[in-house]
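Letters A, B, ... are given to chains in the order of the sequence lines, protein chains preceding strands, and every chain is numbered from 1. Note that the structure is a prediction, hence the values are computed from the model and not measured.
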Protein chains: 2
Amino acid sequence: MKGSESDARVDRSAPDGQRPGRPFDHSRDALVLSTTLDLLAERDYDRVTLDEVATRTGKAKTTLYRRWATKDDLIVAAIRAAGRPPEVDDLPDLGSLRADLLAVVDSPWLGGSARRLAIFLNLASAARGSARLAPIVRAEVTEPYVDVYRRLLERAVERGEVSAGLVPRIPLLAAVVPAMSTHALSAGSGPVERSHFVAVIDDVVLAALGVVPPRD
Amino acid sequence: MKGSESDARVDRSAPDGQRPGRPFDHSRDALVLSTTLDLLAERDYDRVTLDEVATRTGKAKTTLYRRWATKDDLIVAAIRAAGRPPEVDDLPDLGSLRADLLAVVDSPWLGGSARRLAIFLNLASAARGSARLAPIVRAEVTEPYVDVYRRLLERAVERGEVSAGLVPRIPLLAAVVPAMSTHALSAGSGPVERSHFVAVIDDVVLAALGVVPPRD
């Protein structure tokens, strides 16, 4: 969709068959898009530039602009290329709520928890600054991720691990791990350790649900 | 300290007694600083400019730059002028942990919960982009605020409302209200309602501590 829009734009500016430069090498999209996410993991949205993406990937800036007219186009393409969390289609089912929640923490989605957290924070600040990005970040990143937690909590009710009376609290509790981890990254001065996620799951989520975690 | 540095800088560029322009009217600092926080409540750090502060306060840009050489100087001054949460020196003591926690939610600090939350989010993104701002935001905003929650939870243990065995969990649980409220503002599409704070206190914090809240 985006590709055909770009092509149409370029075609208007040059006669057929005389388009300047080489055609965009679509096989290298993946590198450009993952480099864009690398930058979003390293720095604030406002400091992510097409120039830097061009430098890191060795592509000409004009080539990038021919394919993605704006930075937001590029970021949207990078978000879409990363896809939804794999857990959306393959919900962890490890026999206990605690193991399932830890499997989401340990998910490789967006490069694992450290890169994922940094990307979340910067996409959130991007979304605040861009009315176009905001609904896309919500629908394609934040909501699918919180939704995985919500479904795990609902399944724990079905399994009898969590009391059915707590169902109304599930939407709120599903946001606890994402909220506490971005807060820790934002408020702290270094990376968020796995032990922090474990404590949030045991001492906040499971404790609030009255589930006593097995101490290992 | 900042004022005398500014004066020294201006004095070097003009002979004594012939300083161009009127001296800065310090009585109007408060307006400039609260306007800076207003802007930080409305938009991302990168879109807060000295130009806009000048426009809104009716002051000349040069006048502002004479007093605050950079945007970060102005933001640091605005943070310091706002002061710490009043609860730091006057911890709410309303007889129950729930009432005390709600008193912090309802605090007028930084203009009440809606403005405060928006400022928190934008200062967090400012801190990520500025090595100079980061420790100041942490020490003067985030930590004192989380600390108020921590002290309220500790006092609930002293009161016998919360089991002493849960003391090790208090630092983590003290971050729940700030984390869940900035997450809700960031992930949602509108202001965070007071009912959200109440649900976080009852269904997450008090539930995790095994305190049954009185339903009203």
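- Each of A/L166, A/D46, A/T142 has some count of heavy-atom pairs under 4.5 Å with chain B, and the biggest count is that of A/D46.
- Contact annotation for A/R43: neither backbone nor side-chain heavy atoms come within less than 4.5 Å of a heavy atom of chain B.
- Between chain A and the options B/V204, B/V141, B/V205, the largest number of non-hydrogen pairs under 4.5 Å is found for B/V204.
- Considering only heavy-atom pairs separated by less than 4.5 Å from chain A, the leading option among B/S125, B/P135, B/A127, B/S186 is B/S125.
- Proximity of A/R128 to B/N122: side-chain heavy atoms (C-beta onward) are separated by under 4.5 Å at one or more points.
- Within the model, atoms CG of B/D44 and OG of A/S130 stand 11.0 Å from one another, a figure rounded to the nearest 0.5 Å.
- When B/A124, B/P178, B/A184, B/A175 are compared by the number of non-hydrogen pairs under 4.5 Å with chain A, B/A175 comes out ahead.
- Interface check for chain A: of the options B/E143, B/H196, B/R47, the most heavy-atom pairs under 4.5 Å are formed by B/R47.
- Contact check for A/D203 versus B/L173: no side-chain heavy atoms found under the 4.5 Å cut-off.
- Neither the backbone nor the side chain of A/A134 has a heavy atom closer than 4.5 Å to any heavy atom of chain B.
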- Any chance you could lay out the side chain to side chain contact (heavy atoms under 4.5 Å, CB included) test for A/D202 and B/R169, step after step, and finish with the verdict? CA-CA 10 Å; A/D202 287 346; B/R169 302 185 181 183; over 6 Å; no
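- Heavy-atom distances place both the backbone and the side chain of A/A187 under 4.5 Å from chain B.
- Heavy atoms of A/L172 lying under 4.5 Å from chain B belong to its backbone as well as its side chain.
- The part of A/V146 that comes within reach of chain B is its side chain, from C-beta onward, which places non-hydrogen atoms under 4.5 angstrom from that chain.
- Looking at A/L121, the atoms closer than 4.5 Å to chain B (heavy atoms on both sides) sit in the backbone and in the side chain alike.
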